[in-house]
Amino acid sequence: MDTAKIRIRLFFCVGIVLSLLLLPGHCFASSGMSEAEIRVCREKLITEAKKYVGAPYVRGATGPDAFDCSGLVYFVAREAIQVQLPRTVKAMYGYSQIIPDSKLEPGDLVFFRTTGDGSISHVGLYVGNMQFISAASDGPNTGVILSSLRENYWKTHYAASGKFLGDSRLYEEATAFISGSSSSGTGNAFLDNLFFDANLTFDWSVFTEKRFMPNFRGLSTQLNVVYEGKTLSPGLGTMLRWNFGVKSFQIPLLFSLYFGDYVRAYAGPVFTVGTSYAPDTDDEIKASIFPGIIGVSFMTPSLTKGDVKVRIMQDINYSVFNNTDGAALSPMRSAASGLEFSTGVSVTLPFWMFFK
C-alpha cells in the first residue's frame, strides 16, 4: 500500500479516535435509566439548587457567585448530574419535553412569559409542593429565590412545564393547572437551538525542517452555524486563512462536533488559492482538497454579556499537503507544512437574536 493511501486512512482513524476520546458521559434521562436512578438525579438537582438561594441576579451570569434564570438551571444541571442543557431560556424550552401539569415532578422545569412580547422568558426548577427555585431579576425579592406557583404574579405569567429527566414516552402539550395559561411555545424550536460561533485566531507552529522554534503562520477567521443537541452539537462552517507559512490563502469547509462548551472536533475539505511552498524553503508543494484539514479546539469558560459568550480558544490542526506530482511528502516536511496551532478569541451568540 502506498504512502498516500496510508496517510488517508490515518487521517480518518485520528478523527474517529478524537471523537471517542472526547465523547462526554452524562447522567441524562433515557428509557434505559431505572426509576430509582432518575429519582436520585432529581434529588441531586434540588439539593444543588438550594445551595445558591440568596445568590444575586446578574444578567448573563452562570454561577457560582451570581446567576440569571437560565444560567442557574444550566449550572445546577451541569454541576449536579453532568447534564449539558442549552444556555438560553428559549433553547431550554425547545429542548425540554413539555408535559401535562398533572405530571409535574420535583426536578422538572417551569417556564413563564414575563415580557411584553409573550415569548418564553423565565425558567425555574420545580422542587415540589408547588414551589420552584429561580433567579429573579426584579420584584420585591431578586436573585436566587424560592417562590410559589400559587403566587399571583407567577400564576398570571405561567406558560408550561417541561422535563429533561424521566420516561420519554409522554410528549404532549401542557394542560395548564392555572386558568388561562398556554404553552404554545416560541414558534420554532429548531431555530431556538441554533447558534453562531465565530472566532479570530493568530496561527503559529513550533518548527520547520530547518529550525525548531515558534513560527508565525498567519491569521484565520471562522464562522460556524451550530445546532445545540442533547449530548453533541453538530455544526457547519467555513474558515478564511492566510497561511503565511506556506504562502497561500486557504478556505476550509468545516464539519464540526461540539462536546459541551469546551471542546470541538472538526474536519473537512480545503480549497487553496495560490501556490504553496514548504515552510522556510522555495520548494513548491500541493495542498490537498480532500482529505483536507482535521483539528480540535479547546475553549476556556466564557465571559458573558446577555446571551453572547466570549472565550479564549486554543486550536491544533493538521492540513494535508503533497508533492506537486501528488506523492506524499516526507514525514518531517508533512508535519512542518501541515501542523499548526491557533490561539484567539471565540464569540458565540444565539441565532434567534437576529429575529427578535
Side-chain angles (χ1 to χ4, degrees), residues 1-23 196-201 203-205 208-209 217-227 229 232-259 263-279 281 283-298 313-342 344 346:
M1 186 179 295
D2 62 40
T3 305
K5 289 183 178 179
I6 292 174
R7 189 165 60 180
I8 290 172
R9 292 192 176 186
L10 180 61
F11 183 88
F12 288 106
C13 288
V14 169
I16 292 170
V17 170
L18 278 173
S19 297
L20 292 175
L21 289 175
L22 297 172
L23 187 65
F196 288 112
D197 181 25
N199 59 66
L200 178 66
T201 59
D203 304 333
W204 52 283
S205 65
T208 69
E209 292 178 274
R217 291 296 297 264
L219 298 172
S220 299
T221 184
Q222 286 187 41
L223 178 63
N224 299 285
V225 180
V226 185
Y227 180 80
L232 300 176
S233 298
L236 176 65
T238 189
M239 177 193 298
L240 301 178
R241 164 189 279 179
W242 165 239
N243 195 328
F244 180 80
V246 299
K247 300 180 177 62
S248 58
F249 184 77
Q250 295 185 300
I251 309 174
L253 179 63
L254 304 177
F255 300 89
S256 303
L257 277 178
Y258 288 70
F259 302 83
V263 180
R264 173 179 71 114
Y266 62 90
V270 178
F271 302 94
T272 302
V273 179
T275 303
S276 299
Y277 298 88
T281 76
D283 298 339
E284 186 176 338
I285 57 177
K286 182 180 180 181
S288 171
I289 296 177
F290 186 83
I293 188 171
I294 186 170
V296 60
S297 303
F298 302 92
M313 64 171 289
Q314 178 60 56
D315 184 286
I316 179 171
N317 62 78
Y318 173 74
S319 299
V320 178
F321 291 90
N322 298 308
N323 285 309
T324 53
D325 62 1
L329 299 175
S330 68
M332 174 61 77
R333 176 162 287 188
S334 178
S337 301
L339 184 63
E340 289 192 17
F341 300 86
S342 301
S346 171

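Closest heavy-atom contact between T208 and P279: CG2-CB, 4.1 Å. Heavy-atom minimum distance, S342 versus D203: OG-OD1, 2.7 Å. Closest heavy-atom contact between P291 and V320: O-CB, 3.5 Å. Contact detail for N323 and K286: the closest heavy-atom pair is O-CB, 3.7 Å. In terms of heavy-atom proximity, L329 sits nearest to S337 at CD1-OG, 4.3 Å.
Rounded to the nearest 0.5 angstrom, I316 CD1 and I294 CD1 are separated by 11.0 Å. Taken from CE in M239 to CG in D315, the straight-line distance is 6.5 Å, to the nearest 0.5 Å. Of the inter-residue distances, the one linking Q222 atom CD with R264 atom CZ reads 4.5 Å to the nearest 0.5 angstrom. Here T201 contributes atom OG1 and E340 contributes atom CD; the two are 9.0 Å apart, rounded to the nearest 0.5 Å. A distance of 7.5 Å separates OH of Y258 from OG of S297, quoted to the nearest 0.5 Å. For the atom pair L254 CG and L223 CG, the distance stands at 10.5 Å (nearest 0.5 Å).
Residues meeting the salt bridge (charged side-chain N to carboxylate O under 4.0 Å, His left out) test with R333, sequence neighbours left out: E209, D283. Shown here are the side chain to side chain donor-acceptor pair (under 3.5 Å) partners of S288, two or more places apart in sequence or in another chain: there are none. Considering only residues two or more places apart in sequence or on other chains, F255 meets the ring pair (Phe, Tyr, Trp, His ring centres under 6.0 Å) condition with none of them. Annotation: ring pair (Phe, Tyr, Trp, His ring centres under 6.0 Å) contacts of F341 (sequence neighbours excluded): W204. For L240, the side chain to side chain contact (heavy atoms under 4.5 Å, CB included) partners at least two apart in sequence or on another chain are T221, F249, I251. In terms of the side chain to side chain contact (heavy atoms under 4.5 Å, CB included) criterion, residue partners of S205 (sequence neighbours excluded) are, by chain and number, N215, R217. Every residue two or more places apart in sequence or in another chain was checked for a side chain to side chain donor-acceptor pair (under 3.5 Å) with N199, and none qualifies. Here T275 pairs with Y277, E284 under the side chain to side chain contact (heavy atoms under 4.5 Å, CB included) rule; sequence neighbours left out. Residues forming a side chain to side chain donor-acceptor pair (under 3.5 Å) with S276 (at least two apart in sequence, or on another chain): S248.
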Problem set entry | Check against side-chain contact (heavy atoms from CB on, under 4.5 Å), I293 and R241 | CA-CA 12 Å; I293 188 171; R241 164 189 279 179; 4.1 Å; yes

For this session: Start with the C-alpha gap between I289 and T272, add the side-chain angles, then the distance that decides, and say whether side-chain contact (heavy atoms from CB on, under 4.5 Å) holds.
Result: CA-CA 8 Å; I289 296 177; T272 302; over 6 Å; no

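Between the side chain of S233 and the main chain of F259, no donor-acceptor pair closer than 3.5 Å is present. Looking at N322, its side chain never comes within 3.5 Å of a backbone N or O of A328 through a donor-acceptor pair.
Note on residues 316-327: no pairs pass salt bridge (Lys or Arg N to Asp or Glu O under 4.0 Å), not counting sequence neighbours. The salt bridge (Lys or Arg N to Asp or Glu O under 4.0 Å) contacts involving residues 245-255 comprise nothing, where partners must be two or more places apart or lie in separate chains.
In the model, N224 has no side-chain atom that pairs as donor or acceptor with a side-chain atom of Y266 under 3.5 Å.
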